[in-house]
Amino acid sequence: MSLRYEPAEIEQKWRDRWADADLFKTLEEPGRPKFNGLPFFPYPSGAGLSVGHLRNYIPTDVICRAKRMQGHNVLHAMGWDAFGLPAEMEAINKKRNPRGMVKEYAETYKRQLSYVGVSYDWSREVNSSDPEFYKWTQWIFLLLFEKGLAYQGDYPANWCPKDKTVLANEEVEGGLCWRCGTPVEKKMLKQWFFKITDYAQRLIDDLEAVNWPEGIKTQQRNWIGRSDGSEFYWKIDGSDHSIKVFTTRIDTVYGSTFCVLSPEHPLVEQITTADKRAEVAAYKATASALSDQDRLATTREKTGVFIGAFAVHPFSGENTPVYVADYVLMGYGTGAIMAVPAHDTRDFEFAEKFGIQIRQVIEPADGSIEELPFVSEEGRLINSAEFSGLSCEDAQDQMTQWVEARGTGKGKVNYRLRDWLISRQRYWGAPIPIVHCDKCGVVPVPESQLPVLLPDVESYEPGHNGESPLADIADFVNTTCPSCGGDAKRETDTMGGFACSSWYFLRFCDPHNNEEAFARDKVGYWMPIDCYVGGAEHAVMHLLYARFWTKALHDMGILDFVEPFAVLKNQGMLLAPTPFRNPNENETLRVGEAGIMLSYEEAAQMPKDQVFWRWEKMSKSKGNVVTPEDAAMRYGADAIRIYELFEAPFEQTIQWTEERVQGAVRFLNRVFRLVGDHIPNYNADWRSSNGEITDDERDLRHKLHHTIAKVTDDIAEFSFNTAVASLMELTNEMSDFAKKNKGGSNALDEAIDTLILLLAPLAPHSADELWSKLGKAGFTLNEKWPQADPAMLVRNEVQIVVQVNGKLRGHILVPADMEKLELERAALDCEKVHSALEGKTIRKIIVVPGRIVNIVAN
RNA sequence: GCCGAAGUGGCGGAAUGGCAGACGCGGCGGUCUCAAAAACCGUUGAGGGAGACCUCGUGCGGGUUCGACUCCCGCCUUCGGCACCA
């Protein structure tokens with residue numbers, strides 16, 4: 001029977017059968033280990049999915065399918081990160097209601113995902129904008145509020161004037177709004193925060209316990225930004241005020257020749273001398289007019305003003321001038337620094353410009369004269385009174401003790417992490433469940449009144465003066481105080497989208513619970529997640545927030561674990577060829593742009609030499625998107641799966657190359673042909689063989705069991721490209737065997753069954769089709785995963801490599817258990833070894849049994 | 001500047017310190033065909049040789065080792081992230 005891979009005829013058929021059989025329903029059978037595999041839940045955008053997104057969903061599906069066959073209860077669920085700014089902006093642009101829009105987009109995503117046969121248990125689908133879901137987001141908010149982990153405070157918040165909302169620090173990239181790229185302004189606003197800073201140290205420490213890519217861990221550590229240093233006071237000469245400074249380099253204190261206050265520092269007003277007031281006020285005005293983007297530009301020349309005051313050096317007693325300068329930030333440390341121009345680049349630049357003394361107090365260990373500033377901690381102190389001669393490290397300890405003993409300072413750990421700003425002045429989010437009452441103040445909405453429903457409105461565009469559009473809806477705003485029953489007003493800010501994604505993975509464990517957010521035993525069973533898969537762009541935001549919520553819920557006794565994601569994997573991107581042309585003289589390019597993007601149609605019509613191609617991420621705006629349905633139609637779902645798995649290691653960026661997709665089609669065709677051609681000779685009862693086997697059969701079995709072991713390991717380690725490669729090798733070897741051994745063979749029967757099962761997680765439609773062609777009922781997903789037989793892995797004859805002076809000179813085929821001495825003798829018998837040793841004396845022979853003999857001679 | 005990842009044929013990539021280039025794409029030659037496509041068979045790192053074979057070869061320079069793509073030291077390049085955080 002001649003078979004071919006005919007995706008159009010088999011794939012939809014099998015997807016229908018899987019659905020009819022409810023095949024992907026989550027099993028919770030006792031006695032089985034559990035496996036919770038989850039891709040980051042997506043925001044369903046109107047652009048739909050591209051084959052690029054599948055680089056996440058296909059591998060997660062492969063591992064979940066394999067675990068299921070390996071006897072696990074598998075949780076593999078999907079839902080929609082539907083709340084948040086992206087959805088709302090899209091709704092505004094399209095003049096649609098976000099509720100209906102998001103529902104429709106989610107349906108599209110679901111359909112697109114189904115085209116590649118992904119095995120989700122859709123009965124667990126969740127949507128974060130559904131009241132059933134956000135009721136519990138609000139419930140968690142209230143828990144955090146009760147524990148003092150959610151609070152309202154005045155803060156110079158990051159304000160995006162285009163999106164008309166505040167942003168969390170994590171959402172500001174280089175002073176620009178992460179969504180629209182508008183420079184962010186500082187605006188004094190009353191905002192809601194989560195006290196993530198309470199967890200800074202634990203968020204660092206617990207990274208040790210998770211299996212995540214090292215780069216992501218480092219990014220989190222850097223974001224939290226622990227620095228160990230000292231905090232101590234400098235008294236203002238002739239005043240009762242003192243400046244508190246933080247430094248990590250107290251060892252350089254004798255080199256401090258001035259102090260700097262941030263323009264926002266409250267002491268500036270109080271200690272500026274009368275003659276300097278006008279100048280300082282002018283400087284402060286200029287500084288506050290700068291956007292963050294400008295202020296943080298490292299290339300900018302240092303600016304600042306002497307404020308007329310002097311601070312007394314706590315060690316030497318000298319008077320040092322105090323400046324105000326915008327390179328010191330109010331938001332970090334104490335907003336004031338001791339400046340050490342000799343050993344800090346920024347202080348050095350400032351001192352050079354303002355003609356301030358530069359005093360070297362650290363000398364490199366080897367005493368060589370370095371150019372200043374010398375910022376390394378590898379050195380010894382000089383010009384530092386009794387501390388001279390100490391290493392930097394020792395000096396840091398002793399000097400900190402020195403200030404501690406005098407009660408003017410202490411050792412101090414600072415973190416760069418700030419509290420997580422959660423309130424948004426936008427419509428499309430979970431309302432913050434708080435009521436403001438003139439009498440009772442800030443009152444939480446009682447759990448019985450949850451959810452605080454987001455009202456359906458005609459107009460939901462952002463309000464004015466930094467207020468949410470909800471503030472205009474009287475019916476929503478006016479309420480009664482849950483505490484005293486009097487008139488009160490609802491909080492009108494909503495929560496940013498990251499609130500939803502900080503706990504949705506818990507809801508998947510118990511998605512339709514009407515009584516509580518989740519049953520403890522269900523979360524206890526399924527969590528933590530055994531494999532969390534998504535893009536590295538969430539390295540900081542989502543992953544940090546979700547870890548924080550998990551720890552907070554743990555501390556409240558609601559969860560039994562402190563880390564939600566035991567294993568994290570980042571998939572590589574998929575790039576598509578994208579046409580550009582060079583601009584004419586009267587067209588300008590944005591920074592970083594190499595040309596003007598073209599559509600494929602435009603590119604086809606232009607002369608070839610005017611078009612150049614670059615690899616770009618697939619996106620609707622670039623017009624280079626290949627959708628899952630297009631690709632599945634043209635090549636087949638299994639071919640797409642095999643292609644994306646095989647093209648490169650999972651975490652690596654790949655380039656969409658259609659010839660190589662064709663390669664995947666060819667591979668599947670070879671498998672179909674192999675199986676089809678064998679059907680007339682196939683014996684399903686191959687296990688009851690009589691035990692007599694030929695050498696060829698022994699070789700085939702060896703290869704087969706070796707492949708079982710390899711594919712099993714590779715899938716577990718996300719090394720899908722080598723898993724596919726070894727299945728290709730096996731297929732090739734089986735084809736050769738079939739050609740040589742016409743007629744039936746138990747070894748080939750066994751190999752055929754096993755090949756199909758090993759292929760099943762990777763190419764499930766094809767596997768089920770072939771399985772049924774062999775006359776078998778049911779689905780491969782319900783079959784047992786093949787086991788490598790250790791007896792089949794050992795060989796009684798092995799090939800040994802023979803080297804002379806490390807160079808390959810020959811091979812010998814010997815019994816696997818041959819002794820070292822015999823191996824040496826066998827190696828020396830090789831003809832090529834003879835000629836290579838001509839005129840040389842043997843000095844040494846290295847024998848690694850089972851591998852190599854290396855003869856050292858000269 | 002700091003942190004992270006990575007540099008291997010024409011291309012994507014493979015290799016517990018032990019035969020570099022598995023597997024695939026592309027190329028070349030062939031079979032089939034009126035022809036083409038598809039499929040199949042062979043071949044394909046570079047240089048040399050009629051040939052069996054020989055020499056070189058994993059970004060660069062050193063080192064450790066019987067043996068290095070792999071480990072160590074010093075550079076270079078690319079990509080990703082952070083960046084006036086004291």
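Quick note on labels: first sequence line is chain A, next is B, and so on, each numbered from 1. Treat the numbers as computed from the prediction; the structure is a model and nothing was measured.
The CD1-C1' distance, from A:Ile852 to B:U65, rounds to 13 Å in whole Å. Between A:Arg4 atom CZ and B:A38 atom C1' there is a gap of 7 Å when expressed in whole angstrom units. The CG-C1' distance, from A:Asp344 to B:C84, rounds to 9 Å in whole Å. Rounding to whole angstrom units, CZ of residue A:Arg851 and P of B:G18 are separated by 6 Å. The distance from atom CG of A:Asn570 to atom C1' of B:C79 is 15 Å, rounded to the nearest whole Å. B:A6 atom C1' lies 16 Å from atom CD of A:Glu214, rounded to whole Å. Summarising the geometry, the separation between NZ on A:Lys807 and P on B:C66 is reported as 17 Å, rounded to the nearest angstrom. The nearest whole Å value for the distance from the CG atom in A:Asp714 to the P atom in B:A22 is 17 Å.
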Mind listing the side-chain donor-acceptor pairs of residues 845-853 of chain A below 3.5 Å, one per line with the distance, residues two or more places apart or on another chain?
none

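B:C71 and B:G27 have their C1' atoms separated by 38 Å, given to the nearest Å. Spacing between B:C73 and B:G4 at atom P, rounded to whole Å, works out to 13 Å. Separating the P atom of B:C11 from that of B:U16 is a span of 23 Å, rounded to the nearest Å. Rounded to a whole angstrom, the distance from the P atom of B:C25 to that of B:G42 is 14 Å. Rounded to the nearest Å, the gap between the C1' atom of B:U8 and that of B:A46 is 14 Å. When the P atom is used for both B:G10 and B:C84, the distance is 44 Å, rounded to whole Å. Comparing B:G67 with B:A5, their C1' atoms sit 29 Å apart, to the nearest whole Å. As rounded to the nearest Å, B:A68 and B:G57 have C1' atoms that lie 14 Å from one another.
Counting only heavy atoms from C-beta on, A:Val856 has its side chain closest to B:C66 among B:C82, B:C66, B:C40. If you check B:C40, B:G24, B:A86 against the side chain of A:Lys739, the one that comes closest is B:C40.
Nucleotide B:A46 forms a pair with B:U55, judged by Watson-Crick or G-U wobble geometry with both contacts under 3.5 Å. Across all strands shown, B:G7 forms a Watson-Crick or G-U wobble pair with B:C76, both key distances being under 3.5 Å.
A:Arg418 comes within contact range of at least one nucleobase, with a heavy-atom separation under 4.0 Å. Looking at heavy-atom distances under 4.0 Å, A:Val328 makes contact with a base. Among the heavy atoms of the strands lying under 4.0 Å from A:Ser227 are primed sugar atoms or P, OP1, OP2 only; no base atom is included. Residue A:Val848 is classed as a base contact, given a heavy-atom separation below 4.0 Å to a base. Nucleic acid contact for A:Arg666: sugar-phosphate only, since backbone atoms but no base atoms lie under 4.0 Å from a heavy atom of the residue. Looking at heavy-atom distances under 4.0 Å, A:Gly663 makes contact with sugar-phosphate atoms alone, never a base.
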Query raised in the report: Just by protein heavy atoms under 4.0 Å, how would nucleotides 10-15 of chain B read 5' to 3' in B, S and -?
Result: -BBSS-
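A 4.5 Å side-chain heavy-atom check between A:Phe650 and A:Asn721 finds every atom pair outside the cut-off.
Comparing A:Phe246 and A:Gln219 by the nucleotide of RNA chain B whose heavy atom lies nearest to each, the residue mapping closer to the 5' end is A:Gln219. Along RNA chain B, the nucleotide closest to A:Gly215 and the one closest to A:Arg416 are compared, and the more 5′ of them pairs with A:Gly215.
At B:A22, none of the side-chain N or O atoms of A:Asn732 fall inside 4.0 Å of OP1 or OP2 (strictly under the cut-off). Dashed line: the shortest gap from a side-chain N or O of A:Arg809 to OP1 or OP2 of B:C54 is under 4.0 Å.
Cation-pi check for A:Lys569 over A:Phe718 is met; the charged atom lies under 6.0 angstrom from the ring centroid and within 45 degrees of its normal.
A distance below 6.0 Å separates the ring centres of A:Phe350 and A:Phe258. Aromatic rings of A:Tyr254 and A:His313 (six-membered ring for Trp) have centroids within the 6.0 Å cut-off, being under it.
Judged by distance alone, with hydrogens and angles left aside, A:Gln799 brings a side-chain donor or acceptor within reach of the base of B:C19, the pair sitting under 3.5 Å.
With sequence neighbours excluded, the residues forming a side chain to side chain donor-acceptor pair (under 3.5 Å) with A:Arg249 are A:Asp251, listed by chain and number.
At a cut-off of 3.5 Å, with distance as the only test, no side-chain donor of A:Arg660 or A:Gln655 sits close to an acceptor on the other residue.
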Requested in this report: Check the pair A:Lys217 / A:Glu208 against salt bridge (charged side-chain N to carboxylate O under 4.0 Å, His left out), numbers first and verdict last.
Outcome: CA-CA 9 Å; A:Lys217 288 190 186 186; A:Glu208 299 295 328; 5.8 Å; no
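A distance of 8.0 Å separates CD in A:Glu729 from NE2 in A:His706, rounded to the nearest 0.5 Å.
Between the side chain of A:His343 and the backbone N or O of A:Val361 there is at least one donor-acceptor pair closer than 3.5 Å.
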